[in-house]
Amino acid sequence: MMDLSITTRDLNLWYAKFQALRQVSVEIKHGLITSLIGPSGCGKTTLLRCFNRVNERYGYVTTTGEIRILGKNIYDPDVSLVELRKSVGMVFQRPNPLPLSVYENVVFGLRIHGERHELERARLDEAVEKALSEVGLWDDLKDRLDTKASTLQLEQQQKLCIARLLPLKPEVILLDEPCSALDVDGTRAIEELLFSLKGRYTMLIVTHNMAQARRASDECLYMLLGEIVEHRRTEDLFLHPQDPRTAEYIEGRYG
Amino acid sequence: MAEPSHPGGRRPGWQALDRGQRARPWEWVAEQAIRVVSVTAIVLVFLIFVFVMREALPVLLGRVNSAAAQERRALPVEQMDRLDPEELRQYLELSRKEFAEMDRDTLRLLMEVKLEAAEEVPEDKDAPLNTAAWRYLLGPHQWTGYDRPAYIWQPVSSIHKYNIVPLIVGSLKTSVVALLFAVPLALAAALYVSQLAPPRLKEWVKPGIELLAGIPSVVLGFFGLVVLATFLQQVCGYASRLNAFVAGIALGLACIPVIFSIAEDALTSVPRSFSEAALALGSSRWQAAWQVVLPAAVPGVFAAIVLGFGRAVGETMVVLMASGNASLLTWSVFDSTRTMTATIAAELAETVFGGHHYRILFLLGALLFAVTFLSNLLGELVIQRLKRRLEGGR
Ligand SMILES: Nc1ncnc2c1ncn2[C@@H]1O[C@H](COP(=O)(O)OP(=O)(O)OP(=O)(O)O)[C@@H](O)[C@H]1O
Ligand SMILES: [Mg+2]
């Protein structure tokens, strides 16, 4: 039995009167890549955003049920949002590096969370080298750490957005269609990167691209109208879908 | 434009195409009317500029003489008969027509007036100086009765002292106080409204602050004169009740809405993805606003401050009422002070049309025009550049 990273029980979410998630109960295993597929508007993004509680930015959102990450219910009143978001990182659909230099992008997390003694230049330098090496940008960018991040190619920007999570040693990395703004090569590069990060981080990736889900993920979740329809090993889900709705979807009848 | 001819004189079947303006005469009329109006507005601004410059030009070129004792000496009345008529006419500064209409007694009277005027010239070593020359407009001079060189604005004393430095310093002092007061408040409000406030509150606060712009400046001046002056004097305990500090604070109230609304726009137009990224990294909303959004909006914020400065320098009523209007050249903000705008407003009506005082006030006007024009231009340019950059995704 593998460790569980995220478990939800009876999770419901409403945008004002509209219910976007219905009785979602899933168990996401530690260190694997889990993909989240389903037709447009079925609530993939919504579910992903529950895990770091960014949905709450909109005042009209209500959530019930529980989500446990590292054994702690993140909706408990004593949970610190700052700590939660440190351990649950997020990568967005469009690469969104901060309007700062490459270097500052990587150390931004440390700067806002770090104690003063952690912010010595040497430590930061070390963190930057480590994070950029992990995502394979170090060789390309080590002489250009002061350039503005927005001048990089999109693929590099997206890698940078992953790299800036790593100094915070996250447990989970959430990726919301991370390749949809990239070309084929960029997509492949990101997939390879995710593969190389496997084992150390739990990754949850939303994708519209079924081939990608098949290639890149260990487990797969199929959602429809705010419900989880099926959750199994990716191979099994694609080869032997149990639910007729899943079968219809992966055969491309809708979505 | 010439209409392309069709082979065989045939026209295409879709008629509306070549009906042009006749199809919608009213729209055409409205369009032309709007064009005329907008061109008129631009021309008017230009004409005002030309007018101000024309009135100030003689001073700029050094062609105005404001010496209390002019070069030409007055002649004794008895000499009247020895001058030939043309010389006499020029001496009395009359036009040919006036001269022809006057009889001998009137002319004699004028001679006496002229003599008296000459005798009234102060026995002053400074009387022959042309005080409208650049070196007296800008440099210090040791006037009679002063124990060292000083910058003095005293246009209606017997020696016309026209040093504009105290007025420039006065304008700067009040504007700087105004900005020091207004910028932090306006920026904090803009940051709060654009990044932190719940939407419901935002709907109230934003128009509320922008409404401040609609308060007539005479009301702000009145408020400064009556309420602020007393209050601030009690709190700070300085000597003169009306001074650059009081005027600056009241002026700041006038600048806040300008700075606020432009800065708020700039902050709001920073892409949400930036603050989203920062939040997802665990920063508080305050950290995201302060460390990510504000730096990204710096050009817009700079533009807001520059435009606020333009407003502060050009504002008249508030400073006229609350600054004390003493043209002292000091660096202390707690001394009474007098700005360029207040000087023009207070003195122009009493000057001789076309005289040296009048022209020097226009010189001040031209200076103000230049300063506000340049600061507005700079602000607009920065805003335009920022807009293009944000729209270009860079
Ligand atoms: N901020 C919001 N306010 C109100 N309703 C929302 C909001 N965000 C999403 N919704 C609604 O919730 C439902 C689920 O949206 P969600 O974005 O989670 O879908 P998705 O599966 O990510 O779709 P896509 O594949 O298009 O990204 C949709 O019907 C959407 O209209
Ligand atoms: Mg989505």
Side-chain angles (χ1 to χ4, degrees), chain A residues 48-49 51-60 80-101 104-114 148-152 154 157-158 160-170 172-176 181, chain B residues 187 190-206 263 265-303 382-383 385-394:
Chain A
L48 206 66
R49 286 169 158 257
F51 297 142
N52 66 355
R53 291 182 55 177
V54 277
N55 278 329
E56 289 162 46
R57 283 216 312 156
Y58 313 106
Y60 50 89
S80 140
L81 274 188
V82 169
E83 290 303 316
L84 171 68
R85 288 176 186 164
K86 254 172 86 174
S87 42
V88 182
M90 183 150 204
V91 177
F92 296 80
Q93 192 163 351
R94 276 203 71 78
N96 61 347
L98 297 167
L100 304 169
S101 68
E104 286 302 320
N105 261 280
V106 179
V107 299
F108 185 83
L110 290 178
R111 282 208 197 282
I112 56 177
H113 298 299
K148 281 208 108 188
S150 56
T151 61
L152 301 179
L154 279 182
Q157 290 188 19
Q158 196 64 302
L160 182 65
C161 290
I162 297 174
R164 72 180 172 200
L165 306 175
L166 305 183
L168 297 175
K169 309 204 164 43
V172 180
I173 298 180
L174 308 170
L175 304 107
D176 192 353
Chain B
L187 286 192
L191 205 58
Y192 178 73
V193 166
S194 73
Q195 302 298 313
L196 308 171
R200 189 91 47 80
L201 189 63
K202 179 174 173 165
E203 276 166 28
W204 285 98
V205 175
K206 192 169 141 72
D265 278 351
L267 290 166
T268 305
S269 62
V270 170
R272 282 180 78 100
S273 65
F274 291 166
S275 53
E276 228 165 35
L279 289 180
L281 280 165
S283 66
S284 62
R285 297 211 301 164
W286 168 247
Q287 281 173 318
W290 182 252
Q291 299 188 5
V292 176
V293 178
L294 187 61
V298 157
V301 169
F302 173 74
V382 172
I383 290 176
R385 230 196 53 196
L386 181 75
K387 275 213 181 106
R388 227 174 307 136
R389 214 185 55 188
L390 286 176
E391 278 158 13
R394 264 287 125 110

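Sequence lines set the chain letters: A, B, ... in the order given, protein chains first and strands last, and positions in each chain run from 1.
- Proximity to chain B is limited to the backbone of Pro97(A), based on heavy atoms less than 4.5 angstrom apart.
- In this structure, Leu191(B) and Leu196(B) have side chains that are not in contact, with every pair of non-hydrogen atoms separated by 4.5 Å or more.
- Put simply, of Arg49(A), Arg85(A), Arg111(A), His113(A), the one with the most heavy-atom pairs under 4.5 Å next to chain B is Arg85(A).
- By the 4.5 Å heavy-atom criterion applied to side chains, Cys161(A) and Asn96(A) are counted as neighbours.
- Side-chain contact check for Val382(B) versus Arg385(B): every heavy-atom pair is 4.5 Å or farther apart.
- Contacts between Val91(A) and chain B at a heavy-atom distance below 4.5 Å are absent for every atom of the residue.
- With Gln195(B) as the fixed residue, the side-chain contact (heavy atoms from CB on, under 4.5 Å) test singles out one of Val293(B), Val270(B), Leu294(B): Val293(B).
- Your options are Leu98(A), Leu165(A), Leu174(A), Leu100(A), and the one with the most heavy-atom pairs under 4.5 Å with chain B is Leu98(A).
- Interface summary for chain B: among Val54(A), Val82(A), Leu168(A), Ile112(A), the most heavy-atom pairs under 4.5 angstrom belong to Ile112(A).
- When every heavy atom of Ala280(B) is checked against every heavy atom of Met90(A), the shortest pair comes out as CB-CB, 4.1 Å.
- Of the atoms belonging to Arg164(A), heavy atoms from both backbone and side chain fall under 4.5 Å from chain B.
- Checking side-chain atoms of Gln158(A) against main-chain N and O of Phe92(A) turns up a donor-acceptor pair under 3.5 Å.
- Neither the backbone nor the side chain of Leu81(A) comes within less than 4.5 Å of any heavy atom in chain B.
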